[in-house]
Amino acid sequence: MVAIAALLTGPITAPAALAQERADPPPPAILPLEQRAAIEDRWLRERLDTVIPMLLRRDDIDMWIVIGREYHEDPVLESMLPATWLSARRRTVLIFHDRGEELGVERMAVARYPVADIFPAAWDPEQQPDQWARIAELVRDRDPARIAVNISSDFALADGLTVSQHRELRGALGPLSDRLVSSDRLALGWLETRIPAEMATYPQIVRLAHAIIAEGLSERAITPGVTTAGDLRWWFRERVAALGLDTWFHPSVNIQRAGESTFAIASMGLGNETVIEPGDFLHLDFGISYLGLNTDTQHHAYVLRPGETEAPRGLREGLAVANRVQDLLTREFRTGRKGNEVLAAARAAVEREGLDATIYSHAIGTHGHGAGPWIGMWDNQEPVPGRGDYGIYPHTAWSIELNARAAVPEWGGQVVRFMTEEDGYFDGHMFRYLDGRQTEIHLIPRQ
């Protein structure tokens with residue numbers, strides 16, 4: 001294994017802003033690619049063996065057909081491929097058939113190439129050259145009453161079946177095509193449900209992201225009066241690449257400073273040429289992808305002026321307000337509660353306490369903006385039809401994303417936006433952060 005510290009220009013220090021929440025162990029090691037692939041495939045097998053049967057029976061589905069073509073994969077199919085399959089091959093069709101509790105779920109691949117040993121091959125082109133005809137044979141032989149396909153008006157991640165493939169499937173099935181049903185819940189449930197093995201590792205992935213953030217929001221990456229916001233964004237991209245990791249979005253760095261208006265969320269990530277100066281209040285939005293899981297974090301840092309040893313009290317208190325809004329939101333998580341209901345309850349609590357906040361949290365896991373209900377939008381705090389009507393389920397991971405606005409006396413009462421985002425897990429009974437949360441502002445330089 002290659003430790004993070006060995007890949008950086010110096011040792012990674014544990015994030016000081018998280019120290020109140022836990023005693024910081026050394027950052028986790030980063031595995032070689034071959035070991036990562038073995039872990040991802042082990043998790044995939046376990047997920048297929050345990051999550052799929054539960055979901056099919058929960059949603060009363062007898063068969064699920066997932067179809068994707070090379071470089072145009074259904075997001076669900078992409079998540080079911082072995083780690084060494086970087087895309088589908090030609091047309092790849094995966095079929096799940098629930099034979100009941102005793103016989104279990106049969107899974108098959110109707111594909112030109114073997115899908116490792118994870119999906120038994122169910123098509124021999126030498127005997128039946130027509131792939132669609134073979135799919136129809138398999139369906140007729142099993143005679144399922146309800147056949148799920150991935151079509152959704154509300155959720156992109158559950159809408160992976162293209163028009164052409166849907167047309168071809170219906171044509172092949174003939175009268176049996178009347179049994180096709182769209183099942184948002186099935187696709188979303190597969191993508192959002194985390195197994196114990198993943199959750200044993202997910203906190204370390206978030207800890208790794210936190211360690212990279214702590215390095216970047218320090219004098220290691222920032223020279224006040226020289227470094228620009230754009231420089232810092234690319235520092236994070238280069239650091240991720242140097243570590244052999246990946247990211248699912250370009251980092252965003254934003255600057256608030258005394259005497260300037262509060263920045264708008266719509267302009268996040270702009271202002272590449274702005275030079276970071278003493279007295280600046282920095283905001284970072286950053287995430288990594290590792291072992292098939294994603295992180296999404298927003299932290300703040302303050303650039304000390306000469307003679308200062310801490311951030312202005314108003315900034316520190318503003319972050320505490322954002323932490324309070326986090327608490328008001330996460331305490332509203334309940335199994336089965338719709339995203340819109342969680343938003344309404346949290347907003348009512350925020351308003352009772354007289355706080356100025358905007359909530360826009362989302363699921364995370366297989367995708368950064370993951371499968372699950374929307375809990376608000378940064379530009380709309382009203383209920384979100386469709387996407388906010390899906391319920392919260394156990395064993396799901398979340399990015400608690402929101403912002404609070406508060407006046408900073410040291411800046412002449414200027415209103416500052418405190419934008420926070422931390423990853424956590426809901427087990428069906430309680431919510432917990434995967435690696436703590438920011439409760440103290442990162443200081444540049446470190447004190």
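Note that the structure is a prediction, hence the values are computed from the model and not measured.
Aromatic ring centroids of F333 and Y425 lie 6.0 Å or more apart.
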Residues 53-68, side-chain donor-acceptor partners within the protein, below 3.5 Å, at least two apart:
{"from": "R57", "atom 1": "NE", "to": "D98", "atom 2": "OD1", "distance (Å)": "3.4"}
{"from": "R57", "atom 1": "NE", "to": "D98", "atom 2": "OD2", "distance (Å)": "3.0"}
{"from": "R57", "atom 1": "NH1", "to": "E101", "atom 2": "OE1", "distance (Å)": "3.4"}
{"from": "R57", "atom 1": "NH2", "to": "D98", "atom 2": "OD1", "distance (Å)": "2.9"}
{"from": "R57", "atom 1": "NH2", "to": "G100", "atom 2": "O", "distance (Å)": "3.2"}
{"from": "R58", "atom 1": "NH2", "to": "R185", "atom 2": "O", "distance (Å)": "3.0"}
{"from": "D59", "atom 1": "OD1", "to": "R185", "atom 2": "NE", "distance (Å)": "3.0"}
{"from": "D59", "atom 1": "OD1", "to": "R185", "atom 2": "NH2", "distance (Å)": "2.6"}
{"from": "D59", "atom 1": "OD2", "to": "L186", "atom 2": "N", "distance (Å)": "3.4"}
{"from": "D62", "atom 1": "OD2", "to": "A145", "atom 2": "N", "distance (Å)": "3.2"}
{"from": "D62", "atom 1": "OD2", "to": "R146", "atom 2": "N", "distance (Å)": "2.9"}
{"from": "W64", "atom 1": "NE1", "to": "N150", "atom 2": "OD1", "distance (Å)": "3.0"}

Anything under 3.5 Å between a donor and an acceptor, one on a side chain of residues 171-182, the other on a protein residue two or more places apart or in another chain? List them.
{"from": "S177", "atom 1": "OG", "to": "G174", "atom 2": "O", "distance (Å)": "2.7"}
{"from": "R179", "atom 1": "NH1", "to": "D143", "atom 2": "OD1", "distance (Å)": "2.6"}
{"from": "R179", "atom 1": "NH1", "to": "P144", "atom 2": "O", "distance (Å)": "2.8"}
{"from": "R179", "atom 1": "NH2", "to": "D143", "atom 2": "OD1", "distance (Å)": "3.2"}
{"from": "S182", "atom 1": "OG", "to": "I151", "atom 2": "O", "distance (Å)": "2.1"}

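Considering only heavy atoms from C-beta on, R142 stays 4.5 Å or farther from I95 through its side chain. Proximity of W132 to Q165: side-chain heavy atoms (C-beta onward) are separated by under 4.5 Å at one or more points. Residues P373 and K338 have side chains not in contact (no heavy-atom distance under 4.5 Å, counting atoms from C-beta outward). A 4.5 Å side-chain heavy-atom check between R239 and I288 finds every atom pair outside the cut-off. No side-chain heavy atom of I276 sits less than 4.5 Å from a side-chain heavy atom of I444. Within the 4.5 Å cutoff, the side chain of W123 has no heavy atoms near those of the L138 side chain. No side-chain heavy atom of I135 sits less than 4.5 Å from a side-chain heavy atom of Q128. Using a 4.5 Å cut-off on side-chain heavy atoms (C-beta onward), R36 and I30 make contact.
Salt-bridge formation is not detected for the pair R140/E137: no Lys NZ or Arg NE/NH1/NH2 atom is positioned less than 4.0 Å from an Asp or Glu carboxylate oxygen.
No hydrogens or angles considered: nothing links the side chains of E192 and H395 as a donor-acceptor pair under 3.5 Å. In this structure, a donor-acceptor pair under 3.5 Å is present between the side chains of D184 and S152. Residues Y360 and N403 have side chains that bring a donor and an acceptor to within less than 3.5 angstrom of each other. Side-chain atoms of S164 and R69 form a donor-acceptor pair, as typed in the model, at a separation below 3.5 Å.
Remark: F286 pairs with F236 by the ring pair (Phe, Tyr, Trp, His ring centres under 6.0 Å) rule, at least two apart or across chains.
The side-chain contact (heavy atoms from CB on, under 4.5 Å) with R194 is formed by just one residue from the set L293, V51, D427; it is L293.
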Can you list the steps and then say if I52 with M80 is a side-chain contact (heavy atoms from CB on, under 4.5 Å)?
-> CA-CA 11 Å; I52 293 292; M80 293 175 170; 4.1 Å; yes
Chi angles and distances behind the salt bridge (Lys or Arg N to Asp or Glu O under 4.0 Å) call for R334, E341 | CA-CA 10 Å; R334 306 280 193 284; E341 294 171 339; over 6 Å; no
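Taking the six-membered ring where tryptophan is involved, the planes of H369 and W248 are perpendicular, since the angle between them exceeds 60° and thus also 30°. The aromatic rings of Y390 and Y393 lie tilted to each other, with the angle between the two planes from 30° to 60°.
Expressed to the nearest 0.5 Å, how far CD of E332 lies from CG of L343 amounts to 10.5 Å.
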